[in-house]
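Reviewing the structure listed below.
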Amino acid sequence: MTTTRDARTSIGRDLALDLYQTMMTIRRFETIAGELFAAGRLPGFIHLSIGQEAVAAGVCAALEDTDYITTTHRGHGHCIAKGGRVTEMMGELYGREGGYALGRSGSMHIADNAVGILGANAIVGGGIPMAVGGALAAQLAGHRQVSVSFFGDGAVAEGVAHECLNLATLWKLPIVFVCEHNGYAEMTPVSTHLANPDVTQLAAAYGMNATAVDGNDVAAVLAVSREAVARARNGGGPSFVQARTDRWRGHFEGDPQRYRPREEVQAMTDRDPIAAWRSVLGAEHGVSDDELDSMDDRITAELTSAVEKAEAMPLSDPAGLTRFVYPEASR
Amino acid sequence: MTVTKYWQAINQALHEEMARDDSVIVIGEDVAAPGGPFAATKGLLESFGPDRVRDTPISEAAIVGAALGAAMAGYRPVVEVMFLDFVTVAMDQVVNQAAKVSYMSAGNFSAPMVIRSICASGRRTGPQHAQNLEAWLAHVPGLKVVWGSTPADAKALLKAAIRDDGPVYVIESLAEWSTRAEVAEGEEIVPIGSAAVRHEGEDLTVVTWGGAAPRVATAVDLVHDVSVEVIDLRTISPWDRETVLGSVRKTGRLLVVHDAVVEFGVGAEIAATVATECFDQLRAPVRRLGAPYAPAPFAPQLEEAYLPHPEAITREITRTVQTVRNAS
């Protein structure tokens with residue numbers, strides 16, 4: 001078992017700052033998106049992962065661009081951590097022609113072939129088999145790529161999740177299943193939706209290595225991810241990581257959250273993964289508050305610019321709305 | 001040309017495409033070591049090895065989804081979902097995922113994959129093995145649906161489906177499994193979206209496909225006083241509007257015959273299109289003949305009554321042609 005202390009010391013200053021930058025970019029992106037949504041400037045609905053940033057940042061720091069991920073309706077963070085471009089993401093949230101999918105898909109369907117994002121997904125559990133397929137392709141090609149599927153504890157109650165754990169183990173596929181265990185399936189607590197809330201026990205029963213980690217500790221997440229990714233890359237087959245974390249916001253923006261007391265969310269902010277990592281950066285890497293504040297400012301400026309660019313993008317053109325129903329090469 | 005059984009034609013298509021293109025892989029329940037539940041994948045494991053030909057657990061959603069992921073990552077998977085009824089278990093992966101990958105990513109990803117299923121209609125397999133669910137599939141934008149009714153078309157359409165850059169659902173008729181006919185060796189591709197005129201005629205157009213097509217052929221042989229044009233659609237979606245509309249403009253009459261229940265079916269789409277596009281040429285109301293609105297029954301006499309049999313088809317042909325427009 002890797003201790004948090006060991007995990008931290010294996011991270012150099014540059015990587016430590018990268019992890020911070022990734023987490024803060026996710027936090028600011030989603031905070032801004034939440035504000036834009038509340039102001040009525042984004043159509044549809046959005047789901048935020050504020051509080052869960054350390055899982056996305058820690059796991060994706062163990063991956064290469066050529067590795068694959070699939071993610072969920074709460075997937076902005078994973079896409080940013082995997083190298084998704086924030087301007088195109090913001091454009092897609094706005095439903096603009098310059099968005100990732102030209103406004104066809106919205107917040108829940110960011111995909112980017114260039115950095116291995118097979119796609120976020122609006123169906124709970126729907127992306128898990130696709131990640132299995134990415135791993136199958138990697139295995140067939142002998143490319144030593146790894147596939148990661150992010151999903152929540154809610155998806156563990158979907159049958160297809162278990163089909164995938166079974167299949168990946170049978171075929172010894174290079175995949176890491178990452179369960180972001182935030183204790184809620186939408187609005188229903190884990191005590192009501194999972195017979196066994198320790199998902200590592202379910203995964204271990206299929207015969208794969210399964211590890212629980214504090215999902216609010218980015219160093220610990222990175223350490224278990226590196227181990228799991230190395231196992232996959234070296235032909236050791238699938239692994240399962242359960243990262244216990246906190247969803248600060250409701251299931252969707254606008255969720256009145258009548259199902260939980262206000263104090264519960266207050267307690268979560270005391271476990272803020274970003275504030276914790278800031279302390280580590282200061283104490284163990286000698287990074288000053290000024291340095292971090294100016295990084296925060298740069299991130300905010302980048303995202304403000306992304307919003308401005310998204311707002312300046314043309315509205316998606318209804319004349320082209322049937323384009324890409326079929327891949328263009330086969331038309 | 002060689003006389004080949006329907007299932008052997010499918011088997012040939014798989015062998016030829018796997019030999020032609022290393023990115024083609026075959027996965028599904030019982031497809032590798034057992035050679036397929038009905039032998040369609042016989043010999044593939046021996047020829048192409050256990051990496052490219054894989055038996056899977058009975059996990060339709062996972063295997064269709066895994067095929068999708070592999071397709072997005074550069075392979076051309078052919079996944080067998082044994083009976084068409086079983087696709088309902090994988091419907092999220094078919095409808096929400098595979099069919100929409102190109103659209104949802106604005107072309108950044110595509111899903112060049114094939115799902116093959118047998119339709120066992122007519123083989124006494126009962127309510128959960130004998131459904132004709134092509135309308136379910138055709139209703140999903142992004143998914144192509146083909147169904148060869150002859151050995152030659154079963155082969156050529158499967159080859160075209162494997163080479164298509166998007167997801168194609170290939171339905172195969174178990175009732176025709178041992179039917180023999182001439183099939184080309186090697187290259188013969190039927191373009192997806194092209195219907196076949198099986199029989200030329202002047203008085204009436206019959207549009208059919210899949211399991212009903214052989215019974216329509218039998219029926220037409222029994223009709224001597226009506227000149228019938230028979231179109232085998234071959235591709236359910238996107239369907240060959242030009243061929244159908246051109247024929248109806250000539251004959252002025254349309255009968256659609258299919259094995260699926262009539263209500264909310266593919267026949268309705270064709271009938272509505274013809275009613276709109278051929279209004280001036282129509283000399284009789286468009287008719288549809290299919291199964292009654294009931295699940296597919298098991299007992300032989302019930303299933304015989306359920307599917308449009310040749311006598312029912314000839315009766316409907318006669319009724320359509322005898323309809324006379326009242327002078328107004």
Side-chain angles (χ1 to χ4, degrees), chain A residues 68 70 92 99-106 108-114 116-123 125-141 143 145 147 158-168 170-171 173 322-331, chain B residues 22-23 25 27 50-52 54-75 77 79 89-93 95-113 140-144 160 163-168 192-193 238:
Chain A
Y68 299 116
T70 65
E92 192 58 30
Y100 256 118
L102 284 56
R104 281 155 170 70
S105 298
M108 295 190 278
H109 303 282
I110 306 299
D112 188 343
N113 206 345
I117 303 170
L118 292 177
N121 211 297
I123 305 295
I128 307 174
M130 245 186 268
V132 169
L136 171 60
Q139 186 186 65
L140 285 165
H143 281 161
Q145 288 155 297
S147 197
E158 289 279 10
V160 75
H162 296 265
E163 293 182 19
C164 288
L165 294 175
N166 182 49
L167 188 62
L170 280 169
W171 288 358
L173 294 177
T322 60
R323 206 178 151 201
F324 302 116
V325 169
Y326 300 114
E328 302 219 316
S330 72
R331 300 194 75 194
Chain B
D22 287 345
S23 72
I25 60 172
I27 66 172
D51 270 358
R52 292 176 65 197
R54 296 188 184 210
D55 286 318
T56 68
I58 305 173
S59 303
E60 286 83 0
I63 65 177
V64 172
L68 169 58
M72 293 169 74
Y75 281 81
V79 56
V89 185
M91 221 50 174
D92 168 50
Q93 293 300 317
V95 175
N96 294 319
Q97 314 295 347
K100 294 176 177 50
V101 156
S102 167
Y103 194 78
M104 290 196 299
S105 67
N108 192 230
F109 281 102
S110 60
M113 62 185 285
V140 181
L143 189 62
K144 295 178 180 176
R163 297 182 193 192
D164 197 276
D165 285 331
V168 182
I192 290 175

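Order of the sequence lines sets the chain letters (A, B, ...), proteins ahead of strands, with each chain counted from 1.
- Each of A:Leu118, A:Leu102, A:Val160 has some count of heavy-atom pairs under 4.5 Å with chain B, and the biggest count is that of A:Leu118.
- Here the shortest heavy-atom pairing between B:Glu60 and A:Glu163 reads N-OE1, 4.1 Å.
- With a 4.5 Å cut-off on non-hydrogen atoms, A:Ala141 touches chain B through its backbone and its side chain both.
- Using a 4.5 Å cut-off between heavy atoms, A:Gln145 does not touch chain B at all.
- The backbone N or O of A:Val325 sits nowhere less than 3.5 Å from a side-chain atom of B:Ser102 that would complete a donor-acceptor pair.
- In terms of non-hydrogen atom pairs under 4.5 Å with chain A, the most contact-rich of B:Ser110, B:Gly107, B:Pro167, B:Ala67 is B:Gly107.
- In this structure, chain B has heavy atoms under 4.5 Å from both the backbone and the side chain of A:Asn113.
- Minimum heavy-atom separation, B:Ser105 to A:Ala111: CB-CB, 4.3 Å.
- When heavy atoms are compared at a cutoff of 4.5 Å, B:Asp51 approaches chain A by way of both its backbone and its side chain.
- At a 4.5 Å heavy-atom cutoff, the contact between A:Asn121 and chain B is made by side-chain atoms alone.
- The two residues B:Ala73 and A:Ala137 come nearest to each other via the heavy atoms CB-CB, 3.4 Å.
- Residues B:Ala106 and A:Tyr100 approach most closely at CB-O, 4.2 Å, considering heavy atoms.
- Between A:Ile117 and B:Phe109, the closest heavy-atom pair is O-CE1, 3.2 Å.
- For the set A:Gly103, A:Gly126, A:Gly134, A:Gly99, the count of heavy-atom pairs under 4.5 angstrom toward chain B peaks at A:Gly126.
- When heavy atoms are compared at a cutoff of 4.5 Å, B:Ile192 does not approach chain A at all.
- Of the atoms belonging to A:Leu170, it is side-chain heavy atoms, and not backbone ones, that fall under 4.5 Å from chain B.
- If you tally non-hydrogen atom pairs under 4.5 Å between each of A:Leu167, A:Ile128, A:Thr70, A:Val132 and chain B, the highest count goes to A:Leu167.
- Heavy atoms closer than 4.5 Å to chain A are found in both the backbone and the side chain of B:Asn108.
- Heavy atoms closer than 4.5 Å to chain A are found nowhere in B:Ile58, neither backbone nor side chain.
- Proximity to chain B is absent for every atom of A:Leu165, based on heavy atoms less than 4.5 angstrom apart.
- Of the atoms belonging to A:Leu140, heavy atoms from both backbone and side chain fall under 4.5 Å from chain B.
- Per-residue heavy-atom pair counts under 4.5 Å with chain A were compared for B:Gly74, B:Pro57, B:Ala90, B:Ser23, and the maximum is reached by B:Pro57.
- Residues A:Tyr326 and B:Asp165 are not in side-chain contact: their nearest non-hydrogen atoms beyond the backbone lie 4.5 Å or more apart.
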